[in-house]
Amino acid sequence: MKRARRPSLPRVVRDTESIGRALVARYQDDPGEFLHVLCLDASKRILRDSVVPYWIGAPRMVAERAVRIAFEANACILLVYHRAPEASPEPSPEDLLLTRVINRTTALLDYDFEDHIIIGAGRFVSLRQRGAIRP
Amino acid sequence: MTSLPISSLPRDERPVDRLLTFGADSLSDAELVSIIIGARSLDEGRTLIADRGLAGLASTDWTAASRQGSTRTSRAIAARIAASVELSRRIGRGSPLHSAPINDAESIARPLIARYSHYLQERLGCIYLNGKNRVIREREIYIGTLNTATVSTRDILRYAIEENAVSIIVFHNHPSGDPAPSSEDISFTRQLSEASKLLSIDLIDHLILGADRFVSLRQQGTI
């Protein structure tokens, strides 16, 4: 059985709406849960899209792994996204905690934290739009 | 300007004799230079120092100068200075830095001061250590302006990860010669200390190098 080719991500992250829709289009039919880090350069071009392995762990360790990936990719802006385990992309308290920890970690290392996007049920939630990422 | 030949000076005023009697460390910069270049008059050494200062002497490209010298003598003089500046650099560098494990700030700061005190711009570097406190690598990461360097914790720590370092020592010079930490130095050190903790890297110290002194931000309590 051959699977249809998934829509690819844009080369540049223009705004929350467009990247959110692109992520939904690409991943809505994928099974399971996963968390990725999207490494961007200063003009928000996508340098790398990597899975953060074992993301269900202490938020601190997830943030550390994401940052290590960013080091390797030579990125300066990070965007994190994950597929909701339940169909709804509404953020859980754990998601909010993880966002805060990543926000703090990236700030300490002088990275810009673009957003944390949750995808599920054919739509997405941007935690920046929800006000969970503060300077 | 009349320049008195050294041979006409009283014996106890000639640089070489003064060195023999009082030791090299009691000679002025101009006297040391005049010995190195084999000056016939003290003014030759004095003008060199007066024109450039000690820092200028170290930062001039004497190798290029000796290539461009118009006469054989001027080329020879430039070559002598080039050789002695290079030699002092190597002495400064051939420190315990790269052999023995590092245990105290003093032993690492002294050779760094020798190398960094003459720079006219701020430079920030980092020494990456392994689990046995031995140097894996030393890197200069930023060169700033006279009094500022824009630095990012990210760049310091990414090399630590690349080199698999267990701990790091950061240093930078103050071209003013005064090693007293600025408020930016302190806030940056706090940020770096927290950031390295996140990555399980131990920030051992941040040394600020002045003209002849240094400040350890660990001893001073910031870390």
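Per chain, numbering begins at 1; letters A, B, ... match sequence-line order.
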Check: Can any side-chain N or O of B:Arg80 pair as donor or acceptor with the backbone N or O of B:Ile37 at less than 3.5 Å?
Finding: yes

Checklist line | Which of B:Leu157, B:Leu192, B:Ile156, B:Asp155 touches chain A most, by non-hydrogen pairs under 4.5 Å | finding: B:Leu157

Checklist line | Step-by-step ring pair (Phe, Tyr, Trp, His ring centres under 6.0 Å) determination, B:Phe171 to B:Phe214 | finding: CA-CA 10 Å; B:Phe171 60 88; B:Phe214 70 95; over 10 Å; no

Notebook entry, point to check: Side chain, backbone, both or neither: which part of A:Ala107 has a non-hydrogen atom closer than 4.5 Å to chain B?
Noted result: backbone

Margin query: Would B:Arg123 and B:Tyr116 count as a cation-pi pair here, with the cationic atom under 6.0 angstrom from the ring centre and within 45° of the axis?
Written below: no

Next item on the list: Please state whether the side chain, the backbone, both or neither of B:Ile161 comes within less than 4.5 Å of a heavy atom of chain A.
Entry: side chain

Next item on the list: Let me know which of B:Ile169, B:Leu209, B:Asn173 forms a side chain to side chain contact (heavy atoms under 4.5 Å, CB included) with B:Leu112.
Entry: B:Leu209

